[in-house]
Amino acid sequence: MAHSDAAAAWKEVTPHLNSLGLRICETPTAGRGVVASHSIARDVVVEISPVLLFAADEYQAHGRHTQLDSYTFVWEKRANGSTMALALGLGSLFNHSTHANVSYQLNRAAQCIQFRTVRDIAAGEELCICYGAGKMWWETDDTPNTPPATETDECTLFGQMDLADADDTSSSDTLQSPTYVRAPVDTDAPLWRITASPDPHTMPLDTMLAWALDAEPRNCASVARVLQALTKDKVIQSGAQLRHLRTFRKACEVTRVGSDENKLPGNDKTDRLAVLVAAYGPQSRDELVALLAPALGDLAVPELYLVRVPVCAAPSRTRLAEWASVWPCIFLPPGAGLATGNALPGSDAARAATLVDRAQDAARWQSPCATDWIRAGFARCLKTACAAQAAGEIGCAAFVTEAPDAQGQVAIALDANDTRTRDGHPLRHAVPNAVRAVAEWRAARRTAPVEGVAANGQDYLLTGLSLFLTHEPGRAACLGGEDGGPYAIHEQSGLNHHYDVWRWVDPNAFPEARGLASAIALDL
Ligand SMILES: C[S@@+](CC[C@H](N)C(=O)[O-])C[C@H]1O[C@@H](n2cnc3c(N)ncnc32)[C@H](O)[C@@H]1O
């Protein structure tokens, strides 16, 4: 990445139309690159590139033998070959820097890659992403590649332009920190998403066993290359499971599992680095040693020992030190498809493997308009509940409405409360009553059969509407329970209707709620 003054002088070689005025320029050493013509603030989406996907077998047979191989992103990693993606637009023109000023996220559902600034960018600076750690494919053996002094500047072996390294901008300060503080939830947003997705702030740190060996620091780059080749050729079978982990760690900091020789402070091995080799399991120690000894020669001590490593990448920057205290690793931000390995039975595994992004959620509620509308919805629903309670019914209510149009108007605004006591009917909770009110409202306005009504699943009574509730319906019946729990029925991929569920965080915002029962028994 060039200093902004230098890059500002680079010649624009390919015209490109974009709202931020990004220019495609000829760089002195890296071919074309993307340069900012104006300053750009941090956290700005600078590009969304649609992608062209290549099936694994097509890519293996053709793509990888062509120029494409320097451009494609690993889209979906599979043991038997990865789907690859070519980013159209600017996405293929970002050069690599280990101090990238742009991060990227794959959006598999929308088939695009989103690029976002990770810091303020000055006018004239080149925009670079990080393709991954370690020696890049265009670098030669003569390219300076200092052996790692610490685990933070070593290479990670696994993957080139690979999701595992996206957004990996961990600072050495964080990694070297011996202790960690679990981050508080850093949002004061009024609403909290109920979801089964793991929360980066609270998800447990799971660990697994992996094989490691010791190497001299001066040999580390060569050892890394040997291991990379063995992993790529699948001679070492479990490399993919270690993609999120740093390859090296100071040997004196390593705790060996099941060995008397735990930490080795102050002895002759303190200058050695521990090198991660393979996950424990598919291949035995003897098999691995037999493969490694001839390949490594004198480069490393082929004596393998077990260490404990995190099962997945750190889920947030703030928890990186906690993860790295087990073994140095990268972090993957929410949205990057973190595989947590903890998909819960009964929940949608794909959804559960995606971290909930509380910051993005909070951004949704930044506008006072949106918050005022929600607050008003809850206030109305509480008023109905209080009135019902005052009339001797159960103090539990619902309010159904829609987002106001540009003039602030809504066509539908219906109240309902729990009438089980009055009706003597066990199903007359507030929610079915609200749904029935919507059905009646619709029926009263429909004079002819609806034409062109969409297929099953696209025209439910509450489609496009918002439902405010004073109480969460029974757990078995619908939502997610505290913090989502494993249920989150609204997220299940097996259902053909989905919705978001949010809880108002601050109970003190609604003093009128104090007189209402916090929980209501189902059986009357
Ligand atoms: C995704 S393309 C980036 C756009 C490319 N520069 C072009 O002109 O088409 C990746 C290729 O750019 C070059 N490249 C990217 N980053 C580089 C860097 N930091 N130093 C040298 N070459 C780089 C390498 O040739 C690499 O194969």
Side-chain angles (χ1 to χ4, degrees), residues 1-18 20 22-37 46-54 59 62-75 77 82-106 111-119 121-122 124-146 153-169 221 225 228 232:
M1 201 157 39
H3 186 270
S4 56
D5 296 343
W10 293 346
K11 189 164 165 257
E12 182 168 359
V13 284
T14 307
H16 188 74
L17 189 61
N18 59 80
L20 291 166
L22 299 180
R23 299 160 69 233
I24 301 174
C25 298
E26 188 64 35
T27 72
T29 54
R32 288 179 297 177
V34 180
V35 176
S37 58
V46 290
E47 167 75 2
I48 299 178
S49 296
V51 292
L52 193 59
L53 296 181
F54 297 93
Y59 196 81
H62 307 290
R64 77 186 170 99
H65 305 295
T66 70
Q67 244 207 96
L68 274 182
D69 211 35
S70 302
Y71 287 81
T72 41
F73 289 70
V74 176
W75 187 250
K77 204 140 190 153
S82 304
T83 312
M84 305 296 285
L86 178 68
L88 305 174
L90 287 181
S92 278
L93 290 176
F94 292 107
N95 284 320
H96 160 83
S97 167
T98 45
H99 297 98
N101 47 17
V102 170
S103 67
Y104 64 89
Q105 282 188 359
L106 313 189
Q111 298 207 352
C112 63
I113 304 177
Q114 179 166 295
F115 298 85
R116 184 187 286 272
T117 53
V118 295
R119 61 166 171 78
I121 313 265
E125 255 190 275
E126 184 181 6
L127 301 189
C128 288
I129 60 175
C130 181
Y131 296 177
K135 205 183 264 294
M136 287 297 141
W137 59 95
W138 64 84
E139 293 173 346
T140 64
D141 281 346
D142 306 330
T143 311
N145 187 11
T146 326
D153 43 26
E154 44 72 9
C155 41
T156 51
L157 286 192
F158 310 104
Q160 291 179 350
M161 287 168 73
D162 192 338
L163 177 63
D165 289 309
D167 243 341
D168 177 18
T169 49
R225 266 196 299 279
Q228 186 165 29
K232 248 190 179 151

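Order of appearance sets the numbers: ligands from 1, and atoms from 1 within every ligand. As a basis for the values below, the full set of heavy atoms in this structure was taken, side chains included, without hydrogen atoms, waters or symmetry mates.
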Looking at [X], which atoms of ligand 1 are within less than 4.0 Å of one of its heavy atoms?
X: Ser70; result: 1 (C), 2 (S), 10 (C), 27 (O)
X: Asn95; result: 3 (C), 4 (C), 5 (C), 6 (N), 12 (O), 13 (C), 14 (N), 15 (C), 16 (N)
X: Phe94; result: 3 (C)

Inset, instruction - For ligand 1, note which part of Cys128 has a heavy atom under 4.0 Å away: side chain, backbone, both or neither. - result: neither
Legend entry - Location of contacts on Thr29 toward ligand 1, heavy atoms closer than 4.0 Å: backbone
Inset, instruction - Take every heavy atom of Gly33, measure it against each atom of ligand 1, and state whether any distance is under 4.0 Å. - result: no
Does any N or O in the side chain of [X] come within less than 3.5 Å of the main-chain N or O of [Y], such that one atom is a donor and the other an acceptor?
X: Asn95; Y: Gly31; value: no
X: Ser49; Y: Ala87; value: no
X: Thr83; Y: Phe54; value: no

Legend entry - Value rounded to 0.5 Å, distance of CG in Leu93 from CD1 in Ile129: 10.5 Å
Inset, instruction - To the nearest 0.5 angstrom, please state how far the CZ atom of Phe94 sits from the CG atom of Leu22. - result: 6.5 Å
Inset, instruction - Quick one: sort the Phe73 and Tyr104 rings into parallel, tilted or perpendicular, breaks at 30° and 60°. - result: perpendicular
Legend entry - Geometric N/O contact Ser92 with ligand 1, under 3.5 angstrom: no
Legend entry - Options Ala30, Gly31, Pro28, ranked by nearest heavy atom to atom 6 (N) of ligand 1, top entry: Ala30
